[in-house]
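First the structure, in the form of C-alpha coordinates, and then the observations on it.
Chain identifiers are assigned alphabetically (A, B, ...) following the order of the sequence lines, protein sequences preceding nucleic acid strands; residue numbering begins at 1 within each chain. Since the structure is predicted, the reported quantities are computational estimates derived from the model, not experimental observations.
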Amino acid sequence: MHGFANPARFLRLAQWLAPLLLTLGLVLASAAMAWGVFVAPADALQGETVRIVYLHVPTAWLGMGGWTAIALASLTELVWRHPLAGIAGRAIAIPGAIFAAICLATGSIWGRPAWGTWWVWDGRLTSMLVLFFLYLAYAALADAARRDGEGSSRIPAIFGIVGAVNIPVIHYSVLWWNSLHQPPSITMGQSAMAAEFLVPLLVSTVGFSCLFGAVVLMRMRAILADQQAEARLRRKAMAA
Amino acid sequence: MMHEALDQWTFVIAAYAIGLGGTAALIAQSWLAMRKAEARRDRARDKGREK
(Lines give C-alpha, C1' and ligand atoms only; values in the text may rest on other atoms or scores of the structure.)
Protein backbone atom coordinates (compact mmCIF):
# COMPACT_ATOMS: atom_id res chain seq x y z
CA MET A 1 0.00 0.00 0.00
CA HIS A 2 2.81 2.39 0.90
CA GLY A 3 4.33 1.70 -2.53
CA PHE A 4 1.76 4.18 -3.84
CA ALA A 5 2.50 6.76 -1.14
CA ASN A 6 4.72 8.45 -3.70
CA PRO A 7 2.41 10.76 -5.73
CA ALA A 8 4.65 10.45 -8.83
CA ARG A 9 4.26 6.67 -8.82
CA PHE A 10 0.49 6.99 -8.30
CA LEU A 11 0.25 9.49 -11.20
CA ARG A 12 2.09 7.08 -13.53
CA LEU A 13 -0.50 4.40 -12.64
CA ALA A 14 -3.50 6.76 -12.89
CA GLN A 15 -2.38 8.07 -16.28
CA TRP A 16 -3.21 4.79 -18.03
CA LEU A 17 -5.73 3.36 -15.54
CA ALA A 18 -8.21 6.30 -15.66
CA PRO A 19 -8.77 6.20 -19.48
CA LEU A 20 -8.90 2.38 -19.37
CA LEU A 21 -11.58 2.36 -16.65
CA LEU A 22 -13.48 5.16 -18.41
CA THR A 23 -13.57 3.28 -21.74
CA LEU A 24 -14.44 -0.05 -20.10
CA GLY A 25 -17.12 1.60 -17.98
CA LEU A 26 -18.74 3.42 -20.92
CA VAL A 27 -18.83 0.22 -23.01
CA LEU A 28 -20.15 -2.05 -20.24
CA ALA A 29 -22.68 0.39 -18.75
CA SER A 30 -24.03 1.41 -22.18
CA ALA A 31 -24.33 -2.22 -23.33
CA ALA A 32 -26.01 -3.34 -20.08
CA MET A 33 -28.50 -0.46 -20.09
CA ALA A 34 -29.33 -0.96 -23.79
CA TRP A 35 -29.83 -4.66 -23.02
CA GLY A 36 -31.98 -3.85 -19.99
CA VAL A 37 -34.11 -1.25 -21.74
CA PHE A 38 -34.54 -2.77 -25.22
CA VAL A 39 -33.91 -6.53 -24.90
CA ALA A 40 -34.71 -7.76 -21.36
CA PRO A 41 -38.37 -8.61 -20.73
CA ALA A 42 -40.82 -6.53 -18.69
CA ASP A 43 -41.57 -7.86 -15.18
CA ALA A 44 -44.87 -9.64 -14.54
CA LEU A 45 -45.75 -7.31 -11.61
CA GLN A 46 -43.73 -4.13 -12.16
CA GLY A 47 -44.20 -4.00 -15.93
CA GLU A 48 -41.81 -1.77 -17.89
CA THR A 49 -40.68 0.18 -14.82
CA VAL A 50 -38.44 -2.75 -13.80
CA ARG A 51 -35.99 -1.36 -16.41
CA ILE A 52 -35.12 1.45 -13.96
CA VAL A 53 -33.38 -1.19 -11.81
CA TYR A 54 -30.36 -1.33 -14.20
CA LEU A 55 -29.58 2.27 -13.25
CA HIS A 56 -31.01 2.49 -9.71
CA VAL A 57 -29.27 -0.53 -8.15
CA PRO A 58 -25.69 0.20 -9.39
CA THR A 59 -25.95 3.82 -8.20
CA ALA A 60 -27.30 2.64 -4.81
CA TRP A 61 -24.46 0.13 -4.36
CA LEU A 62 -21.84 2.68 -5.44
CA GLY A 63 -23.35 5.35 -3.19
CA MET A 64 -22.84 2.97 -0.24
CA GLY A 65 -19.52 1.65 -1.59
CA GLY A 66 -18.23 5.21 -1.98
CA TRP A 67 -18.73 5.95 1.71
CA THR A 68 -17.15 2.62 2.68
CA ALA A 69 -14.11 3.70 0.62
CA ILE A 70 -14.11 7.11 2.37
CA ALA A 71 -14.15 5.34 5.76
CA LEU A 72 -11.23 3.07 4.74
CA ALA A 73 -9.28 6.04 3.34
CA SER A 74 -9.96 7.99 6.55
CA LEU A 75 -8.72 5.09 8.69
CA THR A 76 -5.61 4.79 6.49
CA GLU A 77 -4.98 8.52 6.84
CA LEU A 78 -5.36 8.53 10.63
CA VAL A 79 -3.44 5.30 11.37
CA TRP A 80 -0.74 5.14 8.67
CA ARG A 81 -0.63 8.82 7.60
CA HIS A 82 -0.76 7.74 3.96
CA PRO A 83 -0.37 10.96 1.91
CA LEU A 84 -2.87 9.92 -0.78
CA ALA A 85 -5.61 8.69 1.59
CA GLY A 86 -7.03 12.16 2.33
CA ILE A 87 -6.88 13.03 -1.37
CA ALA A 88 -8.78 9.82 -2.20
CA GLY A 89 -11.47 10.71 0.37
CA ARG A 90 -11.88 14.20 -1.11
CA ALA A 91 -12.01 12.75 -4.64
CA ILE A 92 -14.77 10.27 -3.70
CA ALA A 93 -17.10 12.76 -1.93
CA ILE A 94 -18.74 14.48 -4.92
CA PRO A 95 -19.13 11.34 -7.13
CA GLY A 96 -20.58 9.55 -4.08
CA ALA A 97 -23.05 12.39 -3.48
CA ILE A 98 -24.12 12.41 -7.13
CA PHE A 99 -24.60 8.64 -7.24
CA ALA A 100 -26.61 8.78 -3.99
CA ALA A 101 -28.74 11.58 -5.51
CA ILE A 102 -29.31 9.57 -8.72
CA CYS A 103 -30.28 6.56 -6.59
CA LEU A 104 -32.81 8.68 -4.65
CA ALA A 105 -34.24 10.31 -7.81
CA THR A 106 -34.57 7.07 -9.81
CA GLY A 107 -35.99 5.26 -6.76
CA SER A 108 -38.58 8.00 -6.35
CA ILE A 109 -39.52 7.82 -10.05
CA TRP A 110 -39.82 4.04 -9.78
CA GLY A 111 -41.84 4.34 -6.54
CA ARG A 112 -44.62 6.46 -8.04
CA PRO A 113 -46.06 3.77 -10.37
CA ALA A 114 -45.01 0.84 -8.14
CA TRP A 115 -46.05 2.11 -4.68
CA GLY A 116 -48.36 4.97 -5.63
CA THR A 117 -46.13 7.57 -3.95
CA TRP A 118 -42.96 9.49 -4.78
CA TRP A 119 -41.59 9.28 -1.23
CA VAL A 120 -42.14 7.67 2.16
CA TRP A 121 -40.15 8.38 5.33
CA ASP A 122 -39.24 4.75 5.90
CA GLY A 123 -35.89 3.35 7.05
CA ARG A 124 -34.33 2.65 3.63
CA LEU A 125 -35.24 5.91 1.89
CA THR A 126 -34.49 8.09 4.92
CA SER A 127 -31.10 6.48 5.63
CA MET A 128 -30.14 6.86 1.94
CA LEU A 129 -31.12 10.55 2.12
CA VAL A 130 -28.96 10.86 5.26
CA LEU A 131 -26.05 9.34 3.26
CA PHE A 132 -26.49 12.03 0.59
CA PHE A 133 -26.28 14.78 3.27
CA LEU A 134 -23.27 13.04 4.87
CA TYR A 135 -21.45 13.24 1.52
CA LEU A 136 -22.20 16.97 1.24
CA ALA A 137 -21.04 17.56 4.84
CA TYR A 138 -17.82 15.57 4.22
CA ALA A 139 -17.10 17.53 1.02
CA ALA A 140 -17.61 20.83 2.87
CA LEU A 141 -15.42 19.71 5.81
CA ALA A 142 -12.65 18.45 3.52
CA ASP A 143 -12.71 21.72 1.57
CA ALA A 144 -12.51 23.76 4.80
CA ALA A 145 -9.65 21.53 6.06
CA ARG A 146 -7.74 22.05 2.80
CA ARG A 147 -7.96 25.83 3.22
CA ASP A 148 -6.87 25.67 6.88
CA GLY A 149 -3.80 23.53 6.18
CA GLU A 150 -2.74 19.93 6.56
CA GLY A 151 -3.16 19.63 10.35
CA SER A 152 -6.95 19.90 10.19
CA SER A 153 -7.41 16.99 7.74
CA ARG A 154 -8.03 14.81 10.83
CA ILE A 155 -11.53 16.29 11.24
CA PRO A 156 -12.96 15.06 7.90
CA ALA A 157 -11.16 11.72 8.48
CA ILE A 158 -12.89 11.26 11.85
CA PHE A 159 -16.20 12.30 10.24
CA GLY A 160 -15.62 9.73 7.45
CA ILE A 161 -15.21 6.93 9.99
CA VAL A 162 -18.14 7.99 12.21
CA GLY A 163 -20.42 8.39 9.17
CA ALA A 164 -19.82 4.75 8.22
CA VAL A 165 -22.32 3.78 10.92
CA ASN A 166 -25.03 4.70 8.40
CA ILE A 167 -23.94 2.00 5.89
CA PRO A 168 -25.21 -1.06 7.85
CA VAL A 169 -28.32 0.97 8.76
CA ILE A 170 -29.07 1.41 5.02
CA HIS A 171 -28.38 -2.25 4.28
CA TYR A 172 -30.40 -3.75 7.14
CA SER A 173 -33.17 -1.10 7.25
CA VAL A 174 -35.50 -3.24 5.11
CA LEU A 175 -35.04 -6.15 7.54
CA TRP A 176 -35.15 -4.20 10.82
CA TRP A 177 -38.22 -2.05 10.07
CA ASN A 178 -41.42 -2.31 8.06
CA SER A 179 -40.75 -0.78 4.65
CA LEU A 180 -42.36 -0.34 1.27
CA HIS A 181 -38.92 -1.12 -0.15
CA GLN A 182 -38.42 -4.80 -0.95
CA PRO A 183 -35.79 -6.83 0.99
CA PRO A 184 -32.47 -7.58 -0.77
CA SER A 185 -32.97 -9.62 -3.98
CA ILE A 186 -29.27 -10.49 -4.17
CA THR A 187 -27.29 -11.81 -1.19
CA MET A 188 -23.89 -13.53 -0.99
CA GLY A 189 -24.05 -16.39 -3.50
CA GLN A 190 -27.84 -16.25 -3.87
CA SER A 191 -30.26 -14.33 -6.05
CA ALA A 192 -34.04 -14.16 -6.15
CA MET A 193 -33.83 -12.63 -9.64
CA ALA A 194 -34.16 -14.57 -12.89
CA ALA A 195 -31.00 -14.65 -15.06
CA GLU A 196 -32.59 -12.44 -17.74
CA PHE A 197 -32.76 -9.60 -15.18
CA LEU A 198 -29.69 -10.51 -13.13
CA VAL A 199 -27.08 -10.64 -15.93
CA PRO A 200 -27.65 -7.10 -17.32
CA LEU A 201 -27.87 -5.81 -13.73
CA LEU A 202 -24.47 -7.29 -12.84
CA VAL A 203 -22.88 -6.05 -16.10
CA SER A 204 -24.32 -2.58 -15.45
CA THR A 205 -22.93 -2.65 -11.89
CA VAL A 206 -19.43 -3.56 -13.16
CA GLY A 207 -19.68 -0.80 -15.81
CA PHE A 208 -20.77 1.88 -13.32
CA SER A 209 -18.06 0.73 -10.89
CA CYS A 210 -15.45 1.29 -13.64
CA LEU A 211 -16.92 4.76 -14.33
CA PHE A 212 -16.85 5.58 -10.61
CA GLY A 213 -13.22 4.45 -10.39
CA ALA A 214 -12.27 6.51 -13.46
CA VAL A 215 -13.96 9.63 -12.05
CA VAL A 216 -12.22 9.21 -8.67
CA LEU A 217 -8.81 8.80 -10.36
CA MET A 218 -9.41 11.90 -12.53
CA ARG A 219 -10.39 13.93 -9.46
CA MET A 220 -7.33 12.67 -7.54
CA ARG A 221 -5.12 13.72 -10.47
CA ALA A 222 -6.77 17.17 -10.42
CA ILE A 223 -6.21 17.60 -6.65
CA LEU A 224 -2.56 16.48 -6.92
CA ALA A 225 -1.91 18.78 -9.91
CA ASP A 226 -3.46 21.72 -7.99
CA GLN A 227 -1.22 20.97 -4.99
CA GLN A 228 1.88 20.74 -7.19
CA ALA A 229 1.06 24.00 -9.00
CA GLU A 230 0.47 25.81 -5.69
CA ALA A 231 3.72 24.46 -4.22
CA ARG A 232 5.69 25.62 -7.30
CA LEU A 233 4.10 29.08 -7.27
CA ARG A 234 4.81 29.37 -3.53
CA ARG A 235 8.47 28.39 -4.01
CA LYS A 236 8.74 30.87 -6.87
CA ALA A 237 7.22 33.69 -4.77
CA MET A 238 9.62 32.94 -1.88
CA ALA A 239 12.61 32.91 -4.20
CA ALA A 240 11.64 36.27 -5.77
CA MET B 1 -49.85 -2.44 -8.12
CA MET B 2 -51.30 0.98 -8.76
CA HIS B 3 -52.10 1.73 -12.39
CA GLU B 4 -50.79 5.12 -13.47
CA ALA B 5 -52.60 7.28 -15.96
CA LEU B 6 -49.16 7.97 -17.45
CA ASP B 7 -47.45 5.42 -19.65
CA GLN B 8 -44.87 3.39 -17.69
CA TRP B 9 -42.27 4.25 -20.33
CA THR B 10 -42.53 7.91 -19.27
CA PHE B 11 -41.15 6.94 -15.85
CA VAL B 12 -38.40 4.81 -17.42
CA ILE B 13 -37.33 7.66 -19.76
CA ALA B 14 -37.38 10.22 -16.91
CA ALA B 15 -35.23 7.98 -14.69
CA TYR B 16 -32.67 7.37 -17.45
CA ALA B 17 -32.59 11.06 -18.43
CA ILE B 18 -31.73 12.04 -14.84
CA GLY B 19 -29.32 9.15 -14.27
CA LEU B 20 -27.42 9.38 -17.53
CA GLY B 21 -27.43 13.20 -17.52
CA GLY B 22 -26.01 13.27 -13.99
CA THR B 23 -23.36 10.65 -14.77
CA ALA B 24 -22.32 12.38 -18.04
CA ALA B 25 -22.09 15.77 -16.27
CA LEU B 26 -19.97 14.21 -13.49
CA ILE B 27 -17.56 12.59 -15.98
CA ALA B 28 -17.27 15.77 -18.09
CA GLN B 29 -16.69 18.01 -15.04
CA SER B 30 -14.07 15.64 -13.59
CA TRP B 31 -12.26 15.39 -16.96
CA LEU B 32 -12.23 19.16 -17.49
CA ALA B 33 -11.10 19.85 -13.90
CA MET B 34 -8.24 17.36 -14.33
CA ARG B 35 -7.12 18.84 -17.67
CA LYS B 36 -7.32 22.39 -16.28
CA ALA B 37 -5.36 21.53 -13.11
CA GLU B 38 -2.66 19.63 -15.04
CA ALA B 39 -2.29 22.49 -17.56
CA ARG B 40 -1.89 24.94 -14.65
CA ARG B 41 0.75 22.70 -13.04
CA ASP B 42 2.64 22.40 -16.36
CA ARG B 43 2.53 26.19 -16.85
CA ALA B 44 3.93 26.70 -13.33
CA ARG B 45 6.72 24.17 -14.10
CA ASP B 46 7.56 25.82 -17.43
CA LYS B 47 7.75 29.26 -15.78
CA GLY B 48 10.14 27.81 -13.19
CA ARG B 49 12.40 26.45 -15.94
CA GLU B 50 12.45 29.76 -17.83
CA LYS B 51 14.01 31.50 -14.84
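- When A:Val216, A:Thr59, A:Ile52, A:Leu233 are compared by the number of non-hydrogen pairs under 4.5 Å with chain B, A:Ile52 comes out ahead.
- Inter-residue side-chain proximity for A:Arg234 and A:Glu230 is flagged as met; some heavy-atom pair is nearer than 4.5 Å.
- Neither the backbone nor the side chain of B:Thr10 comes within contact range of chain A; no heavy atom of the residue lies under 4.5 Å from a heavy atom of that chain.
- Within the model, atoms CG of A:Leu131 and CE of A:Met128 stand 5.0 Å from one another, a figure rounded to the nearest 0.5 Å.
- In this structure, chain B has no heavy atom under 4.5 Å from any part of A:Phe212.
- Taking the six-membered ring where tryptophan is involved, the planes of A:Tyr138 and A:Trp67 are perpendicular, since the angle between them exceeds 60° and thus also 30°.
- Only the side chain of A:Leu211 comes within contact range of chain B, with heavy atoms under 4.5 Å apart.
- Put simply, the side chain of A:Tyr135 never gets that close to the backbone of A:Ile92: no donor and acceptor are under 3.5 Å apart.
- If you measure heavy-atom distances from A:Leu11 to chain B, the contacts under 4.5 Å come from the side chain alone.
- Here the straight-line distance linking atom OG1 of B:Thr23 with atom CG of A:Leu26 works out to 10.0 Å at 0.5 Å rounding.
- Between A:Ala73 and A:Ala85, the shortest heavy-atom distance links the atoms O-CB, 3.3 Å.
- Checking side-chain atoms of A:Arg51 against main-chain N and O of A:Val37 turns up a donor-acceptor pair under 3.5 Å.
- When the candidates A:Met33, A:His56, A:Arg235 are compared by the number of heavy-atom contacts under 4.5 Å with chain B, A:Met33 comes out ahead.
- For A:Ile102, the part lying under 4.5 angstrom from a heavy atom of chain B is the side chain only.
- Between A:Leu201 and A:Pro58, some side-chain heavy-atom pair lies under the 4.5 Å cut-off.
- Side-chain N or O atoms of B:Asp42 include none that pairs as donor or acceptor with a backbone N or O of B:Arg45 at under 3.5 Å.
- Along residues 221-229 of chain A, the residues that come nearer than 4.5 angstrom to chain B, judged on non-hydrogen atoms, are A:Arg221, A:Ala222, A:Ala225, A:Asp226, A:Gln228, A:Ala229 in order of number.
- The closest donor-acceptor contact from the side chain of A:Thr106 to the backbone of B:Ala15 lies at 3.5 Å or more, if one exists at all.
- The greatest number of non-hydrogen atom pairs below 4.5 Å with chain A, out of B:Leu26, B:Ile27, B:Ile18, is found for B:Leu26.
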